[in-house]
Amino acid sequence: MNKDSKIYVAGHKGMVGSAIVRALEMQGYFNIVTKTHTELDLIRQDQVERFFELEKPEYVFLAAAKVGGIIANSEALADFMYENMILEMNVIHSAWKNGCKKLLFLGSSCIYPRMAPQPMKENCLLTSELEKTNEAYALAKISGLKYCEYLNRQYGTDYISVMPTNLYGPNDNYHPTHSHVLPALIRRFHEAKESGIKSVTCWGDGTPLREFLYVDDLADACVYLMNTYSGNETVNLGTGKELTIRELTELVADVVGYKGEILWDTSKPNGTPRKLLDVSKLESLGWKYKTELSEGIKLAYEDFLSHPIRAER
């Protein structure tokens with residue numbers, strides 16, 4: 001990408017999209033196109049086609065998605081599949097029709113099988129069944145990355161996909177029931193500390209292992225790969241490090257300053273037992289994460305405190 005290339009970031013209001021915009025601006029890119037949901041509804045094919053015909057962006061970062069944690073995914077299976085699949089197909093297809101030079105599609109590590117060999121390599125995709133709690137979302141994301149691959153193979157496009165691990169950081173969603181585990185813990189421990197609540201109960205038994213990547217590191221990797229990588233196979237984006245949910249919970253409580261007891265409700269689901277990405281391909285391409293988890297959680301909590309309205313989402 002040249003510094004004056006026209007770059008469209010889909011989903012710029014979200015955590016990932018806003019981080020990509022920050023990364024682009026920090027690196028001197030200045031011709032960045034963004035549209036709010038009110039200005040452009042990506043589920044409406046007619047609106048998406050009109051936008052691409054008028055703007056004709058040279059590069060596209062597809063970070064827009066309907067996202068949520070275990071509860072949200074379990075309660076709205078049809079919505080998660082339909083909205084994500086339609087959104088992706090609209091954007092990718094219109095980008096191709098209007099001569100987009102390169103597109104980067106953001107997936108999710110949930111696309112990999114529930115019991116995939118750990119750490120998960122890119123080539124384990126579609127080798128066995130998915131985790132049921134987020135199957136609908138995963139199927140939509142798999143469709144998006146496969147459509148990019150098929151366009152490359154049929155029409156010679158240069159569309160790439162990346163698979164981030166669990167993300168967190170500025171502009172995260174702290175909804176009490178529809179957020180992911182790390183922001184949900186930040187909110188719960190903060191509210192418990194402020195209210196003087198003596199104990200906090202968390203789902204499951206705390207044994208599942210998870211990997212987390214700070215969102216500004218993710219954005220830096222996306223810009224790097226847009227400039228350096230071409231290929232049909234996706235690229236895992238992560239740290240290559242993991243910890244148990246129990247360890248994560250204790251770390252978040254410590255950062256927030258919550259001193260009460262942490263209890264576990266084993267009647268609630270754990271989710272996938274382990275989700276660690278093999279990042280050897282990413283590192284061989286010349287990129288490695290910078291922000292350690294403890295520092296990233298501090299930065300995320302500072303962002304949470306500076307934008308209290310986010311807690312009401």
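Residue numbers start at 1 and run along the sequence shown. For the numbers below, each heavy atom of this structure counts, side chains included, while hydrogens, waters and symmetry mates do not.
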* Thr201 versus Asp265, side-chain donor and acceptor atoms under 3.5 Å -> no
* Asked: If we only count heavy atoms from C-beta on, is the Tyr147 to His93 side-chain gap below 4.5 Å?
  -> yes
* Asked: Are Leu209 and Ile262 connected in a single hydrophobic cluster, I mean Ile/Leu/Val/Met/Phe/Trp/Tyr linked by side-chain heavy atoms less than 4.5 Å apart?
  -> no
* Applying side-chain contact (heavy atoms from CB on, under 4.5 Å), run through Ile245 and Asn270 and close with a yes or a no. => CA-CA 9 Å; Ile245 292 295; Asn270 273 329; over 6 Å; no
* To do: Classify the ring geometry between Phe212 and Tyr168 as parallel (under 30°), tilted (30 to 60°) or perpendicular (over 60°).
  => perpendicular
* To do: Can you measure from CG (Leu293) to CZ (Arg210) and round to the nearest 0.5 angstrom?
  => 14.0 Å
* Main-chain N/O of Lys102 paired to Asp158 side chain as donor or acceptor, under 3.5 Å -> no
* Just wondering, more than 12 heavy atoms not from Lys121 lying within 6.0 Å of its NZ? -> no
* Asked: Taking 4.0 angstrom as the limit, do Lys281 and Glu233 come out as a salt bridge?
  -> yes
* Taking the side chain as C-beta and beyond, is there a heavy-atom pair between Glu302 and Pro170 under 4.5 Å? -> no
* Asked: Is there a donor-acceptor pair under 3.5 Å between the side chain of Lys193 and the backbone N or O of Gly260?
  -> no
* Asked: Would a 4.5 Å heavy-atom cut-off, applied to side chains only, mark Asp303 and Asp172 as touching?
  -> no
* Quick check: does any side chain N or O of Asp278 sit under 3.5 Å from a backbone N or O of Ser280, one acting as donor and the other as acceptor? -> yes
* Going from CG on Leu125 to NZ on Lys141, what distance comes out if it is rounded to the nearest 0.5 angstrom? -> 13.5 Å
* Write down the atom of Gly17, the atom of Val9, and the distance for their closest heavy-atom approach. => O-CG1, 3.7 Å
* Asked: Which value, rounded to the nearest 0.5 Å, describes the distance between Glu149 atom CD and Thr157 atom OG1?
  -> 10.5 Å
* **Minimal non-hydrogen separation, Gly144 against Ile92, with atom names** => O-CD1, 3.7 Å
* Asked: Closest heavy-atom contact between Ser143 and Met89?
  -> O-CE, 3.5 Å
* Asked: Could you state the interatomic distance from CD1 (Ile142) to CG (Leu145), rounded to the nearest 0.5 Å?
  -> 7.0 Å
* Asked: So, for Val16 and Ala63, which heavy atoms are closest and what is the spacing to 0.1 Å?
  -> CG1-CB, 3.9 Å
* Asked: Counting distance only, does the side-chain N/O of Gln118 pair as donor-acceptor with the main-chain N or O of Leu276 below 3.5 Å?
  -> yes
* Same hydrophobic cluster for Ile43 and Tyr137, using side-chain heavy-atom links shorter than 4.5 Å among ILVMFWY? -> no
* Same cluster (ILVMFWY, side-chain, under 4.5 Å), Leu126 and Met163 -> yes
* Asked: OG/Ser18 to CG/Asp216 distance, rounded to the nearest 0.5 angstrom?
  -> 8.0 Å
* Asked: Any side-chain heavy atom of Phe52 within less than 4.5 Å of one from Val91?
  -> yes
* Report yes if the distance between the aromatic ring centroids of Phe51 and Tyr8 is under 6.0 Å, otherwise no. => yes
* Should Lys6 and Glu55 be marked as a side-chain contact (heavy atoms from CB on, under 4.5 Å) after you check the CA-CA gap, both sets of side-chain angles, and the distance that decides it? -> CA-CA 9 Å; Lys6 181 178 278 192; Glu55 293 287 350; 3.2 Å; yes
* Spell out, as yes or no, whether a donor-acceptor pair under 3.5 Å connects the side chain of Ser5 to the backbone of Ile7. => no
* Asked: So, does Tyr224 use its side chain to make a donor-acceptor pair with the main chain of Leu285 at under 3.5 Å?
  -> yes
* Asked: Does Leu213 belong to the same Ile/Leu/Val/Met/Phe/Trp/Tyr cluster as Ile186, with side-chain heavy atoms less than 4.5 Å apart forming each link?
  -> no
* Of Lys241, Glu242, Glu211, the residue whose pairing with Thr165 passes side-chain hydrogen bond (donor to acceptor under 3.5 Å, both in side chains) -> Glu211
* To do: Identify the heavy atoms of Cys124 and Tyr112 that sit nearest to each other, and give their distance.
  => SG-CD2, 3.5 Å
* Under 3.5 Å, side chain of Tyr258 to main-chain N/O of Lys198, donor-acceptor pair present? -> yes
* To do: Return yes if some donor-acceptor pair links the side-chain N/O of Asn236 with the main-chain N/O of Met120 below 3.5 Å, else return no.
  => yes
* **Pairwise side-chain contact, Gln27 with Asp220, heavy-atom cut-off 4.5 Å (strictly under)** => yes
* **Parallel, tilted or perpendicular: rings of Tyr155 and Trp96 (30°, 60°)** => tilted
* Asked: Between Lys290 and Asp217, does at least one N-O distance fall below 4.0 Å, as a salt bridge requires?
  -> no
* Asked: Should Met15 and Leu182 be regarded as members of a common hydrophobic cluster, given that ILVMFWY residues are connected when their side-chain heavy atoms come within less than 4.5 Å of each other, either directly or indirectly?
  -> no
* Asked: If we only count heavy atoms from C-beta on, is the Ile20 to His12 side-chain gap below 4.5 Å?
  -> no
* To do: Enter the distance from Tyr59:OH to Leu104:CG here, rounded to the nearest 0.5 Å.
  => 12.5 Å
* Evaluation steps, side-chain contact (heavy atoms from CB on, under 4.5 Å), between Asn166 and Val181 -> CA-CA 9 Å; Asn166 299 291; Val181 59; 5.8 Å; no
* Asked: Do the ring planes of Tyr301 and Phe304 sit parallel (below 30°), tilted (30 to 60°) or perpendicular (above 60°)?
  -> parallel
* To do: Check step by step if side-chain contact (heavy atoms from CB on, under 4.5 Å) holds for Lys268 and Cys202.
  => CA-CA 9 Å; Lys268 295 294 193 296; Cys202 300; over 6 Å; no
* Answer yes or no: is there a donor N or O on one side and an acceptor on the other, between the side chain of Glu49 and the main chain of Ser94, under 3.5 Å? => no
* Asked: Hey, are the side chains of Leu237 and Leu282 touching, using non-hydrogen atoms and a 4.5 Å cut-off?
  -> yes
* **Note: Arg22-Glu25 ion pair, threshold 4.0 Å (strictly below)** => no
* Asked: Shortest non-hydrogen contact from Tyr159 to Cys148?
  -> CB-CB, 3.9 Å
* Sub-4.5 Å side-chain heavy-atom contact between Leu106 and Leu62 -> no
* State whether Arg50 and Glu53 are salt-bridged, where the test is any N-O pair (Lys NZ or Arg NE/NH1/NH2 against Asp/Glu carboxylate O) under 4.0 Å. => no
* Checking Asp205 side chain against Thr266 main chain: does a donor-acceptor pair fall under 3.5 Å? -> no
